[in-house]
Each structure stands twice: as structure tokens, then as C-alpha cells.
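Quick note: numbers below take in every heavy atom, side chains included, and nothing from hydrogens, waters or symmetry partners.
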Amino acid sequence: MREMLNIPTGRPARVSLGDVAEAAGVSKATVCRVLRGTGRISKPTRERIFALAAEMGYEPDPALSALTRYRWGSKVSARSTYAIAVVSVDALAGKSPPKPAGIARVSGVQTRAAELKLIIEEHDLGAKTSPASLSRTLFARGIDGIVFHISGPIFQWDFPWEKFACVTIGFDGEAHRLNSVTSDWFSAVRMAVSRARQAGYQRIGFANFFRGNPSMDSRIQAATLLEKRSLEKEVGPQPKEHWYPRGGVLTGDIFRQEQPHFLKWFEKEKPDVVVDGNSMAHWWLKDAGVRIPKDVGYISLNADPLKEADVSGLVHQRERQGRLAVDLLYNLIQVNERGMSDSPIRLTTSCVWHPGASLGRSSARKHVVKKAVEIAE
């Protein structure tokens, strides 16, 4: 084997952190914690790891340590291997199947962590797991940083943020003042309007999805108001904006409960094209017998080409968000920046356009929505 790898026979191969972990029967993260002198590791385990490390001749790679200190200054630890966790935060965890958006983001985290040679663990923070117990588990296992994938509105919770470098993806973590990676919703609205105008549409009706997140909702609302004002100056009065679901609560009965409210708005405002904050209105319109795009054009701000290839709209680069979250987290760990921040970093990723069949060319048409009116009544 040594001949195949072209390693001089007189020079033993360097003992790695993984070699010590395998010999001790523990994780690499545990070995990291013991050798750093941190973490709640039992005395017998610590003594066994120290003894094995000495016996096997383990020592940190001096070249990597020197390079790390050169790049990041005196704040950085001499470690060249870090352990991170991706924590999925969802109050409904275990009660519904994972959402494609979450799967894509977590996949991005895993891929980038592997490329950076980071140790990674996956955890869930749902109704059955308290933040306090999760933090104890992560700290004891030697986790240096956490990527929180947040799939819905959350409230502030008690957590020892100062022990970890932290980054959120998905919903913003404004309540906790954490560094975050999110979609550029403001630009998404503007791109949707630009595509609609290029196709000749003039009366653009916004059906905004209320996410219960001030940062996200305010950006969508700001872009909507800006675009409506510009359209009113350019082509005349615009449809009134529609918000759903009513009360900001998303439940399994949303299709039945919210469809009549939407269809009443649609018949009253008569938009040429609907720019939908989610993708629910697409099914409401088709269910009501409205022909898309013959009767009305349709754009989703949250399109999923894998599930709805015919829907025109904006696709969020969620796997890229996961990768960027790991890059940001890695830098925070390197400079030993942990916990919440008075001026958190916010990275936004642009959306890309998916040219589905729901956005045709605008032409003079009549609203054929008798069935829609009947449903609304």
C-alpha cells in the first residue's frame, strides 16, 4: 500500500483525529472537545483519549495550524477540524413530511460541509425537544457551530447562543439577531412584475401569502407597493392587493377556507395576471374553471418546477443557501465569533426565472368566471 501511495517506508503516516476517535470508540467531535479541554466529557473517557493520542503519536498538523493563524489572526484556535450541526426547526416536526425547500437547504449544508471536511450532525428542534436539552447535547458532543433551518414562524426561546457560532436559513431569525441566509424576496417581486410587463400584461393583481415573518413580509409588501405605484403612473389604476391566509395561520383546511375569499377578490378586481406569493391561487383558479393563461396569466413567487412544471415563476436557490450558510458559519468559527450580534450578517440569494406555460401573451379577453362566482357565493 505504501508503495502504491508513494509514501517513503521510513516515514510513518500522520495519525489523524479520526484514527484516535476510531481507536477510542467515540466521535471525532468528542476527541476534539477532549483535546481542547472543553465539553462535559466523563473523566474515564478523557483519560482514555489522552492516553491513546499520546500512544499513537497524534498531534495537530502544524502546516494547517500555521495557515489558519496566518489567515484569521490570533483569535483562531489551532484546530483544523470543526464540528457543526444542522438543526431543523419546525413546530410541526414529525407531524408532516419534510418540505422540498427544507430538503434542498439541508442537502446544501451537507454537501458543503463534506467539501470543507467538517464533521456534521443532524438534529430536529420540534414540539418534543426543548432548546435547553438540545443545547446540552450539542455542547457535550463538541459542536462548534449550528445552521438553523427554520421552516416556519418561531418565537424567541432561551438558548446558550454564546457557546456556538450560529447561522439561520429559511425564515429569518430576527427575534434572535442571528446571522442569516435568505432569498431576496424584494427582487423576486420586481422580477415577476418585469416578466409580466414584457408579456404585455397591464393590470397586475398581487395575492400575497402572509408568512408571519416581519422581515420577509415587509420586503414583499414594500416591493409590491413600489411596483403598484410605478404601474399606476405608467398604465393606470391597478387591482387592490389580496392577502391570504386570513389571520396568518396556515392549516390543512386553507384550500377550502380561503378559496372563496380569493375568488371574490379575483372577480371584483379583474386582474390580467396574478402574482402569487405562494402557489395556492393557481389551484384555486383552475378548480374554479378559470383557464390559465387564456383567461388570466399567473406567476408564482415560490415556484417548484419539479412539482408544477407548467407554473411560471421564481425559483429560490435553496441548495445554494445551504452551501452559503456553511461558508458563513465556517468563517464565524474561524474568528471565534459566537452568539447573537448587534449587527448580524444577512446574505440574500437571487431567484431565477422558470418559464412555465402559465404566463402567455396578454390580449383583450373576457372574464369567464361564472363557476368562480358560484363557488365564492
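Here the CH2 atom belonging to Trp243 is positioned 7.0 Å from the OG1 atom belonging to Thr224, to the nearest 0.5 angstrom. Atom OG in Ser133 sits 8.0 Å away from atom CG in Leu125 (nearest 0.5 Å). Atom-to-atom distance recorded for Cys351:SG and His316:NE2 is 4.0 Å, nearest 0.5 angstrom. Note: Leu329 CG to Asp144 CG = 9.0 Å, rounded to the nearest 0.5 Å. Rounding to the nearest 0.5 Å places CD1 of Ile119 at 9.0 Å from OG1 of Thr30. The distance from atom CZ of Phe164 to atom CZ of Phe159, rounded to the nearest 0.5 Å, is 5.0 Å.
At least one side-chain heavy atom of Leu134 sits under 4.5 Å from a side-chain heavy atom of His123. Side-chain contact check for Val87 versus His149: every heavy-atom pair is 4.5 Å or farther apart. Residues Ser187 and Trp185 fail the side-chain proximity criterion, which asks for heavy atoms closer than 4.5 Å. Looking only at side-chain heavy atoms (C-beta outward), Leu314 and Trp353 come within less than 4.5 Å of each other. Between Cys166 and Leu178 there is a side-chain heavy-atom pair separated by less than 4.5 Å. The closest side-chain heavy-atom distance from Val109 to Ile169 is below 4.5 Å. Counting heavy atoms from C-beta on, the side chains of Arg203 and Val273 never come closer than 4.5 Å. A 4.5 Å side-chain heavy-atom check between Leu359 and Tyr201 finds at least one atom pair inside the cut-off.
Side chain of Ser358 to main chain of Ser312: a donor-acceptor pair is present (N/O by atom type, distance under 3.5 Å, no hydrogens or angles). When atom types are taken as modelled, the side chain of Glu337 and the backbone of Leu332 share no donor-acceptor pair closer than 3.5 angstrom. The backbone N or O of Ile292 sits nowhere less than 3.5 Å from a side-chain atom of Asp295 that would complete a donor-acceptor pair.
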Subject >> CA sep, side-chain torsions, deciding dist, call: Val31, Lys28, side chain to side chain contact (heavy atoms under 4.5 Å, CB included) >> reply: CA-CA 5 Å; Val31 175; Lys28 286 196 237 179; 5.6 Å; no
**OP:** Could you walk me through whether Arg291 and Leu285 pass side chain to side chain contact (heavy atoms under 4.5 Å, CB included), step by step?
**Re:** CA-CA 8 Å; Arg291 298 168 299 178; Leu285 290 167; over 6 Å; no
**OP:** Determine, step by step, whether Gln238 and Gln202 satisfy the side chain to side chain donor-acceptor pair (under 3.5 Å) criterion, reporting the C-alpha distance in whole Å, the side-chain angles of both residues, the deciding distance to 0.1 Å, and the verdict.
**Re:** CA-CA 8 Å; Gln238 293 296 303; Gln202 297 190 25; over 6 Å; no
Original post:
Could you go step by step and tell me if Asn278 and Leu301 meet the side chain to side chain contact (heavy atoms under 4.5 Å, CB included) rule?
Top reply: CA-CA 6 Å; Asn278 200 40; Leu301 295 180; over 6 Å; no
**OP:** Walk me through it: do His261 and Gln259 pass the test side chain to side chain donor-acceptor pair (under 3.5 Å)?
**Re:** CA-CA 6 Å; His261 302 291; Gln259 185 184 28; over 6 Å; no
**OP:** Assess whether side chain to side chain contact (heavy atoms under 4.5 Å, CB included) is satisfied between Arg197 and Leu231, documenting all intermediate values.
**Re:** CA-CA 9 Å; Arg197 294 292 293 124; Leu231 286 166; 3.4 Å; yes
**OP:** Test Trp161 against Phe148 for ring pair (Phe, Tyr, Trp, His ring centres under 6.0 Å), laying out the working first.
**Re:** CA-CA 12 Å; Trp161 306 104; Phe148 287 98; 5.6 Å; yes
Subject >> Audit row: Gln317, Thr349, side chain to side chain donor-acceptor pair (under 3.5 Å) steps and yes/no >> reply: CA-CA 7 Å; Gln317 301 186 71; Thr349 58; 5.7 Å; no
Original post:
Would Phe206 and His242 count as a ring pair (Phe, Tyr, Trp, His ring centres under 6.0 Å) if you check the C-alpha gap in whole Å, the side-chain angles of each, and the deciding distance to 0.1 Å?
Top reply: CA-CA 6 Å; Phe206 294 94; His242 176 76; over 10 Å; no
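The pair Lys228-Glu241 fails the salt-bridge criterion, with no side-chain N (NZ, NE, NH1 or NH2) lying under 4.0 Å from an Asp/Glu carboxylate O. Ion pair Glu319/Arg105 not flagged as a salt bridge, since none of the NZ, NE, NH1 or NH2 atoms sits closer than 4.0 Å to an Asp/Glu carboxylate oxygen. Between Lys264 and Glu267 there is no salt bridge, since none of the side-chain N atoms of the basic residue sits less than 4.0 Å from a carboxylate O of the acidic one. Under the 4.0 Å criterion applied to side-chain N and carboxylate O atoms, Glu232 and Arg229 are not assigned as salt-bridge partners.
Note on Tyr330 and Ile345: same hydrophobic cluster, where clusters join Ile, Leu, Val, Met, Phe, Trp and Tyr whose side-chain heavy atoms are under 4.5 Å apart, directly or indirectly. Note on Val20 and Phe50: same hydrophobic cluster, where clusters join Ile, Leu, Val, Met, Phe, Trp and Tyr whose side-chain heavy atoms are under 4.5 Å apart, directly or indirectly. Hydrophobic clustering of Ile, Leu, Val, Met, Phe, Trp and Tyr side chains at less than 4.5 Å, counting indirect connections, unites Leu347 with Val106. At a threshold of 4.5 Å between side-chain heavy atoms, the hydrophobic network of Ile, Leu, Val, Met, Phe, Trp and Tyr places Ile146 and Met340 in one connected group.
Residue Val189 comes nearest to Ala223 through the heavy atom pair CB-CB, 3.6 Å, listed as atom of the first residue, atom of the second, then distance. Minimum interatomic distance between Ile120 and Ala113 (heavy atoms only, all atoms of both residues): CD1-CB, 4.0 Å. The minimum heavy-atom distance between Ala192 and Val275, with the atom names listed, is CB-CG1, 4.0 Å. In terms of heavy-atom proximity, Ala132 sits nearest to Ser135 at O-OG, 2.7 Å. Summarising the geometry of Pro271 relative to Val274, their closest heavy-atom pair is CG-CG2, 4.0 Å, with the distance given to 0.1 Å. Here the closest heavy-atom approach between residue Met56 and residue Ala23 is recorded as SD-CB, 3.9 Å.
The one candidate from Val167, Leu118, Leu116 that meets the side chain to side chain contact (heavy atoms under 4.5 Å, CB included) condition with Ile84 is Leu118.
In Glu22, the CD atom is not crowded: 12 or fewer heavy atoms of neighbouring residues, nucleotides or ligands sit closer than 6.0 Å.
Looking at Gln198 and Ser194, their side chains do bring a donor and an acceptor atom within 3.5 Å of each other. The closest side-chain donor-acceptor pair between Arg346 and Thr182 falls under 3.5 angstrom.
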